[in-house]
Each structure stands twice: as structure tokens, then as C-alpha cells.
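In what follows, a single structure is set out as C-alpha cells and then discussed.
Throughout, a chain's letter reflects where its sequence line sits, starting with A, and its residues are numbered from 1. Small disclaimer: the values here were computed from a predicted structure and weren't measured.
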Amino acid sequence: MTGYDHRSVEKKWQKIWDDEKTFKTEPDAKKKKFYALVEFPYPSGQGLHVGHPRPYTALDIVSRMKRMQGYNVLYPFGWDAFGLPTENYAIKTKRHPKDVTDENIRNFKKQVKSLGISFDWDREVNTTDPSYYKWTQWIFLKLFERGLAYKKESNVNFCTSCKVVLANEEVVNGVCERCSGEVIRKVKSQWMLRITAYAQRLIDDLETVDYPERVKQQQINWIGRSSGAEISFKTSTGDSVVVYTSRPETIYGATFLVLAPEHQMVGSWLKGSVKNAEEIKNYIATTAKKSDLARTDLSREKTGIRIEGVSAVNPLTGDSMPIFIADYVLPGYASGAIMAVPAHDERDKAFALKFNISIKPVINEEKNVLINSGILDGLSIDAGKEKIISYIEEKEIGRKKINYKLRDWVFSRQRYWGEPIPIVICSKCGYVPLEESDLPLRLPDVDKYAPGPNGESPLEGIQNWVNVKCPKCGKDAKRETDTMPQWAGSSWYYLRYLDPNNDKELASRKMIDYWMPVDWYNGGMEHTTLHLLYSRFWHKFLYDIGVVNTPEPYAKRTTHGVILGENNEKMSKSRGNVVNPDDVVSEYGADTLRLYEMFVGDFEKAAPWNTNSIKGCRRFLERYWGLQDILNNNSSEESLQKEFNETVKKVTNDVLNLKFNTAIASLMTLINLIYEKGYITSEELKLFSVLLNPFAPHVTEEVWERNRLGNGMICEENWPEYKLLDSSEDKVTMVVQINGKVRDNFVCAINLPESEVLSVALNLPKVRKFLDGKELLRHIYVKNKIINLVIT
RNA sequence: GCUGAUGUGGCGGAAUAGGUAGACGCAAGGGACUUAAAAUCCCUCGGCAGCGAUGCCGUGCCGGUUCAAGUCCGGCCAUCAGCACCA
């Protein structure tokens, strides 16, 4: 037998799969469907990263196994191609972003294809294709129609480096998620999506899906539900201030109010009888200059100013309360005003100590009951909360209230390379949506893609595109020049795969009914509060308007660990620890790379790259190839039937449980046993090849064909089932412990009666030595496993 | 600070339900083959003591439950990730 030449083998089978469209999928009512999905990549100029193949291979293994088990498997792929890096690169190299994108996709596609993933390439989608973004725009129009897309002047995050506004989800540690540039606050008129309308459902429906606990928790924390009460405090000017508190039962301890410096009421008071207006104006101005990062710096000492000449009244105690403004109260959350209870809130306490305000305890911490609290005295926290809420509702000074930290999604970007927002701005009619028949609204060709210094969209300068007639009144109007964020196209792409060429609907209802929901969606942890949350939101909206048949898009979500550099640090060009998958494929082969990426460790955990370990996987495949040299159907003294059977069980279960590393280890153990035995039968080689096929699809096809192990391709074979074998003849190893410590073991027939096991154990020389002069108190017997002798 | 993870040899990592800790792989050391090297094959490989049989210790730390704890309980420590003045 000639040696294992991965180059020719892989090239050959990739061509066959391509030519014969082996993995093309159509709905089939007779088969159970299985929709496997990986996050489609952003085709950057750097090409495929060694981290990409890990999830692709993982779900490829699942898909290939499921196909062999008789499922109708959909495993599609595509390109999330709008976005800033391409645009920036295009600006730098003076090329069109579309050309750059096309080139990057070509390169990526070549690389992905070299891995032998069983994608159905006939369903490839590209978010920058007008036939695709037509439907992204269509969804936007629907959102607009239902009042879920609106334009609003607001204080937004602005990345000074990308010159673009960011969603809250895109600001990480106070800096831009993408470029780590400084983020400042800017008042701008922006398109917003009302994701907050779905906050509760986005929390509740997590119970209906199979996601890792940490993903659920992270989304729940991000949405940040808080339950409490809104209470109105009368002030000396005759106005009232509404505060939100999650601890209404502590109201008797509320000794002052704090308002965000931006609070509306402050402005109106300044027009009236405030004594220290200058001081207050200065404080407001200082606050406005601060970045979010500076403002939320926890280690900073509290600052604030008392509003002299205005005070409030505690509605329960009747006591007068001073009013302050302070930047630790945020304008964007709840009503932007709090009642401060310094005795039971650390921040309020720090503030009270600094400004010398009285601190009044209202909870006995030991007994956990309310004190100094009038009508609530003696009640538990929970009972007090209930009573005070019904009291304030009855007296009409407040009500129960639920708040969320989640903000509406800032949906405008002042950049070129994104989906144009299909809206015309008319001075008479306002924001006028395009007709569905006018979609897609294509991106115009422009000469300059760079945004203006203050974040003006590059589209603003394209007169013949911007200037249009209002679709409603026919008068002169202008197009919206903002584009959509990167996350728009990826919020619904899993639906387009179902029906990628449909120009009447985003996907036909028939296809949606057959394929949805996605059965298994794997992706990165970094998308938990971005893409994953956004797409759940869009899907719920599509469900509400009757486009899709399920309230949740993804039945099961798993996450992969990242591949780190050999030095255990994140792979990056600047660290000089980047491994190029092309080099690995060329030197060791795609099958080896696939095997290695699955064997390197727990799939859900990060793992450092190790070039030496790859050799171990390559060796394993060479040993597999070498099995062809020890084929022998005549010898049959020894059988590995039992071991093969156990491996079937192990591999099948491990693949479904994401334990690819131990599945491979069990195949390695089995091959070691085969070599110990010295030969393999055709039946055994056939079974081994089938088990290995999802992991190493090329080499197994080749061995299958060369040795005529079956008709057709191995990937079309049936997956083996675990057989219940007659085990009455089996032997087991019985472990003998004395006082819980392993002392010896012996091999005996399976299901040997307890009394016989005990007598064998007691007669073992080692055991007798330990028993010498001691008394046997009792024994614990675990069938077919262990006998523990308890002695004095 | 809050939330969620994780802590096992020189390294990556195994260990259904509490039941032989270290599977599998890498690296390392020794040997065979070879003029030599690579490749391949065989042996050793948690620590301490011992020629050895063997014994003791050992899964971040301290305690507990149990015949038996990497696994369960309580309390710490460390690392990672996300959130972070959200009232």
C-alpha cells in the first residue's frame, strides 16, 4: 500500500462532493429534518483564522453523523459582509468596498472549501447582495410600520475613531467594541429600534430554549429587569418629582432626593427661585463634558450640588427633604431621580456622609424587620414592600413599576458600506417609507467613502441619490442617508438560507414551516448580548407579524472556546502568534486539522494551539491508513466485537454532547487494540471508517473506495447502532478495597454472587496480610465493580 | 461589588450515577532498526522512600458528610469571562 498522501486524497474528494452536489438539501416530508447552523463569518481581508474551523468542523461532525442516521440535514453557509473594516480598507486602498468584499469572499470561500465541510453551497447567502438586503430593508419597513423603528434626537455613543454612532451593546468598558477608540456622548438624531418592547419576552422565553446557563444569565443581566415602585414627591415649588426605587419599603428612611443633572425639572427650577443657580449650571456643564467612562468610575468620590431654595416632602413621614443633583444618578435609567435612603444604600450613604445629611435606619438587620416605619413597623421586607405599594397606589402617589436596563437599539450608522435605510424625509409628510415595490434601495456609487469629521454620512454628498420626490406628496424631499449597522443583515440570515433565491418573500412559509426552528446553533460567547439578542428580537417581531412559525429562532445554542496562540495569549498579528490554517492544511491535511481542532480540548473552553499535538493527530490518521496493510479476513481467533460496540456507543453519545475530544480518544484507543491484535477484518475496517468519517471525511472516503467496503460513498452509509450483546460470558475486574483503599483486584465471571466475591476476596494473599490480627466488621459490595472490606 | 464559570502530572486534557485518579495525545528519557538521520517499533514516565516486592503522600487551601470524595456540603484563596454608581 502506498503512503497516505493527503493532498491528492483531499483534492479528489472535494471535487467529487462539489461536482455531484453531495450535500445539497431539499425538504423531504418523509425524513426528520435537522437544521445545523454556525455563525456566518465576516470576510475580512486577513482571511480565515485558525479559530474559524473549530465551530465549522464541530457542526460538520454533527451534520455528517445526523445524515448517516437518516436525518434530512440542512447545514448552510454565507457571508456577513457589510461592515467597517472592509470600508476602511477600501478607503485606504482607494478601491470600491464591493470589490474588496468580493475578493475577500473568494479567498474565504477557497479556504473554507479546503476544509471539507459538508455545507450546501447552493444556499450561500451574502448580506451585501441587493437581493438579500432587499429583505433586510423590508423588515425595517415592517418595524417602522408597527412603530418599532423611530427616529429620535438623543444622546448617543459616538466613536471618535470610527466616526460613527454605536449601540450600547457595542460599547465595551467605555470604549468602541471594534477599534477600542474613545467613545463620547453626542446628541444626534438617530434611527432606533424598540427592542425594549420585547424585554420581558426576551427574558421569559429563555426558559423555552436549550442554551448554556451562562448565555441565559448574561442575556438576563444585560436586559436587567428590576421590580419596584414609582413614587411622586411634592416639592416646595408646587411641582412633583417622580423617583423609581426597587426598595419602596424603605421610604421612611428616605432623607433626601437626588436628580440626574440632566433632569428636566432642574432646568425649570433654574428659571425660578434657585439661590445657587450659577453653581448648579457649572456642575451641569462639567457633567456634560465627562465621558461615560469617567462618569461611571466607581472609585471616584461622589460629587453633587444641593439645590438651594427648593425642597421636597416625604409623603409618608411628612418631613422636608433637601434636593440634590449628582452625576451618580444617570439620566437614562428609569425617571432619572432617586429617593436616597442612606441607611441602607452604600452610594446614598457615601453621599449623605459627605454632605452631612441625616441617616435614618428603617430596618433591623438582625431580625430583618422594618422599624421607624409608621404603618410598616414590624413587617418583614417582603410584607412591607407589598403593603407600601398598595398604600401609595391607594393614595395615588405612586405605583408598582418594572424597569429594564436594556435600551432601545441605536440603528443608524453614518457610513457607506451598510444597507440604506428605505425612508424619505419630507418637510411636509415627515418620515415616509418607501413602497415595498421600490426595494431594494441600492447603494449608489460614490467616489469618496470617508465619513465627515462630525460623523456625516458619505451618502449626504450624492445629490442625485439624496434628492427625490416624496412618495406621498410628490414634493421635493431627501433620502435618509444613514445606513444600518452591521448587525442588521445577520439578524435574520438563518431564514434566508431556507429559500435563498425567493424574490417574492424573505422565505416561503412552506420552507419556514419545514425547517424552523434551527435545531442547533453554535457561535461565540462575544455575540451573546449583540447578534444573539438582536436576532431573537427580530425573530419575535417576525413571529408577531406572522412571517415565522416559532417564537424563538434557535432551539439549542452552544458556544465554542477560542483557539489561543501557542503562548496561551489571544492570537493576533501584533503578538506574532497567528497560525494560518492554509499552512496546516497544506502540510498535514484538512483531516488532520479537523481532528486536531476537535481533539485539542473541551470544545466549549479556550485552548492554546500546539504544533506538536497536531503530529499526534496526523500519526493517528497514518495508523488508520495503515490498517489497509493488516486486512485479514481469515484469522478469527480473537474478536474486538465488544470493543467496537462500546466505541459506537461512546462516539455517538460524545458527538451529541459536544465531547469531540473523548470521541476521538476512544477511536485512538480502539486502533491501539487493533494493532495489538495484529490484523483487522473488512467488517471491522468498514465500521471503524464509518465512525471516523464525520471527523476525517476525506481519508475515510478514500479507504472506503480503495477497499470496496461498500456501495457508493461512505458519507451515505448508515450510522451504526449500539447492540445489546449477550454478556453472560463476560469477565469483570473486581476491585478489592480495605477501609476504602484499593489493595488488590481479581478477574471473575460477570454477576458472580456476592458471597462468592467475598470469599475470593478474603482469600487473596494481600488481603489476608492486611486482615492478620484484625476483625472484619462488615463489607460493602457494588455489583461487578468493587468490594470494600471494613476492618478494625 | 454583582453574575456565571474554572482550578487534576512537564503540557493539552480524561474520569456515566460518589466506587481502581491521570484515559487519549504531546513532550521527555532509555532501547531496537539504520553507515547516519528522519520515520517506525518496544520500554519508562505524579511525588517521596526502596534493588525490588511494596509502602506512604497526592485532584487550589481548611474543615465536614460517607465504608468510600476530583466528584457531595460549609468556609476560604486564585484565575477567566460578562456586567458594573441601574437606585
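Mapped onto RNA chain B by nearest heavy atom, A/M668 and A/R778 fall at different nucleotides, with A/M668 at the one closer to the 5' end. Comparing A/W222 and A/K741 by the nucleotide of RNA chain B whose heavy atom lies nearest to each, the residue mapping closer to the 5' end is A/K741.
Taking only side-chain atoms of A/T245, from C-beta outward, the nucleotide of B/A15, B/A87, B/U20 with the closest atom is B/A87. Among the nucleotides B/A21, B/G12, B/C85, the one closest to the side chain of A/D327 is B/C85. Listed nucleotides: B/G12, B/A14, B/A87. Nearest to the side chain of A/A334: B/A87. Among the nucleotides B/U6, B/U20, B/A87, the one closest to any side-chain atom of A/K605 is B/U6. Relative to the side chain of A/R214, the nucleotides B/G12, B/G4, B/A15 differ in distance, and B/G4 lies closest. The side chain of A/V790 approaches B/C67 more closely than any other nucleotide in the set B/C67, B/C26, B/A23. For A/V329, taking side-chain heavy atoms from C-beta onward, the closest of the listed nucleotides B/U20, B/A87, B/C24 is B/A87. Looking at the side chain of A/V782, the nearest of the listed nucleotides B/C67, B/U20, B/G19 is B/G19. For A/T669, taking side-chain heavy atoms from C-beta onward, the closest of the listed nucleotides B/C24, B/A15, B/G19 is B/C24.
Relative orientation of the A/F351 and A/Y328 rings is tilted, given thresholds of 30° and 60° on the angle between their planes.
Computed from coordinates, the A/Y244 OH to B/C85 P distance equals 16 Å when rounded to whole Å. Atom CG in A/D744 sits about 21 Å away from atom P in B/G19, given to the nearest Å. Counting to the nearest Å, the P atom of B/A81 and the CG atom of A/D602 are 17 Å from each other. Residue A/N221 contributes atom CG, which lies 13 Å from atom P of B/G82 at whole-angstrom precision. Between A/F660 atom CZ and B/A14 atom C1' there is a gap of 17 Å when expressed in whole angstrom units. Atom pair A/N403:CG and B/A87:C1' shows a separation of 10 Å (rounding to whole Å applied). In this structure, the OH atom of A/Y781 is 13 Å from the C1' atom of B/G19, given to the nearest Å. To the nearest angstrom, P of B/C56 lies 6 Å from CZ of A/F770.
B/U54 is paired with B/A49 under the criterion used here, namely a Watson-Crick or G-U wobble arrangement in which both key atom distances are under 3.5 Å. Checking B/G1 for Watson-Crick or G-U wobble geometry (two distances, each under 3.5 Å) identifies B/C83 as its partner. As the counterpart of B/A32, B/U40 is assigned, both hydrogen-bonding distances of the Watson-Crick or G-U wobble pattern falling under 3.5 Å. Across every strand in view, B/C76 sits in a pair with B/G60 that passes the Watson-Crick or G-U test at under 3.5 angstrom. Checking B/U66 for Watson-Crick or G-U wobble geometry (two distances, each under 3.5 Å) identifies no partner in any strand. Look at B/G10: its Watson-Crick or wobble partner, with both distances under 3.5 angstrom, is B/C26.
The side chain of A/R623 contributes no N or O atom lying less than 4.0 Å from OP1 or OP2 of B/C24. Within the 4.0 Å cut-off from OP1 or OP2 of B/A87, at least one side-chain nitrogen or oxygen of A/S226 is found. Considering only side-chain N and O atoms, A/N661 lies nowhere under 4.0 angstrom from the phosphate OP1 or OP2 of B/A23. A sub-4.0 Å separation between OP1 or OP2 of B/U54 and a side-chain N or O of A/K766 is present. For B/C26, the OP1/OP2 oxygens have a side-chain nitrogen or oxygen of A/R619 closer than 4.0 Å. A sub-4.0 Å separation between OP1 or OP2 of B/A87 and a side-chain N or O of A/Y328 is absent.
Although no hydrogens or angles enter the test, the distance criterion places a donor-acceptor pair under 3.5 Å between the side chain of A/K354 and the main chain of A/K302.
To the nearest whole angstrom, the two C1' atoms, one in B/G1 and one in B/C67, are 44 Å apart. Comparing the P positions of B/C77 and B/C61 gives an interatomic distance of 15 Å, to the nearest angstrom. Between B/C83 and B/G9, the two P atoms lie 32 Å apart (nearest whole Å). As rounded to the nearest Å, B/U59 and B/U8 have C1' atoms that lie 4 Å from one another. The separation of B/G70 from B/U16, taken at their C1' atoms, amounts to 15 Å, rounded to a whole angstrom. B/C62 sits 16 Å from B/A69 when the C1' atoms are compared, rounded to a whole Å. Taking atom C1' in both B/C24 and B/C72, one finds a spacing of 28 Å when rounded to whole Å. B/A68 and B/C41: their P atoms are spaced 45 Å apart (whole Å).
In this structure, A/S666 reaches neither bases nor backbone, as no heavy-atom distance under 4.0 Å exists between it and the strands shown. Within 4.0 Å of A/A326, counting heavy atoms only, lies no atom of the nucleic acid at all. Counting any heavy atom pair closer than 4.0 Å across all strands shown, A/V735 reaches a base atom. Within 4.0 Å (heavy atoms only), A/R743 reaches sugar-phosphate atoms of the nucleic acid but no base atom.
A salt bridge links A/R618 to A/E622: one of the charged nitrogens lies within less than 4.0 Å of a carboxylate oxygen. The residues A/R557 and A/E39 are annotated as salt-bridged, a charged nitrogen and a carboxylate oxygen being separated by less than 4.0 angstrom.
Among residues at least two apart or in separate chains, side chain to side chain donor-acceptor pair (under 3.5 Å) pairs with a member in residues 592-602 of chain A are A/D60-A/R594.
Proximity of A/F695 to A/L692: side-chain heavy atoms (C-beta onward) are separated by under 4.5 Å at one or more points. Side-chain contact between A/T652 and A/E721 is absent, with no heavy-atom pair separated by less than 4.5 Å. The closest side-chain heavy-atom distance from A/I738 to A/D744 is not below 4.5 Å.
Under 3.5 Å, the side chain of A/K405 and the base of B/C83 form no donor-acceptor pair of N or O atoms. Interface remark: the A/N788 side chain does form a donor-acceptor pair with the B/C67 base, using a distance-only criterion of under 3.5 Å. A donor-acceptor contact under 3.5 Å is formed by the side chain of A/Q737 with the base of B/G19.
Atom CZ of A/F256 and atom CZ of A/F355 lie 9.0 Å apart (nearest 0.5 Å). The distance from atom CG of A/D345 to atom CD1 of A/I359, rounded to the nearest 0.5 Å, is 11.5 Å.
An anti orientation is assigned to B/G74, its glycosidic angle lying beyond 90° of 0.
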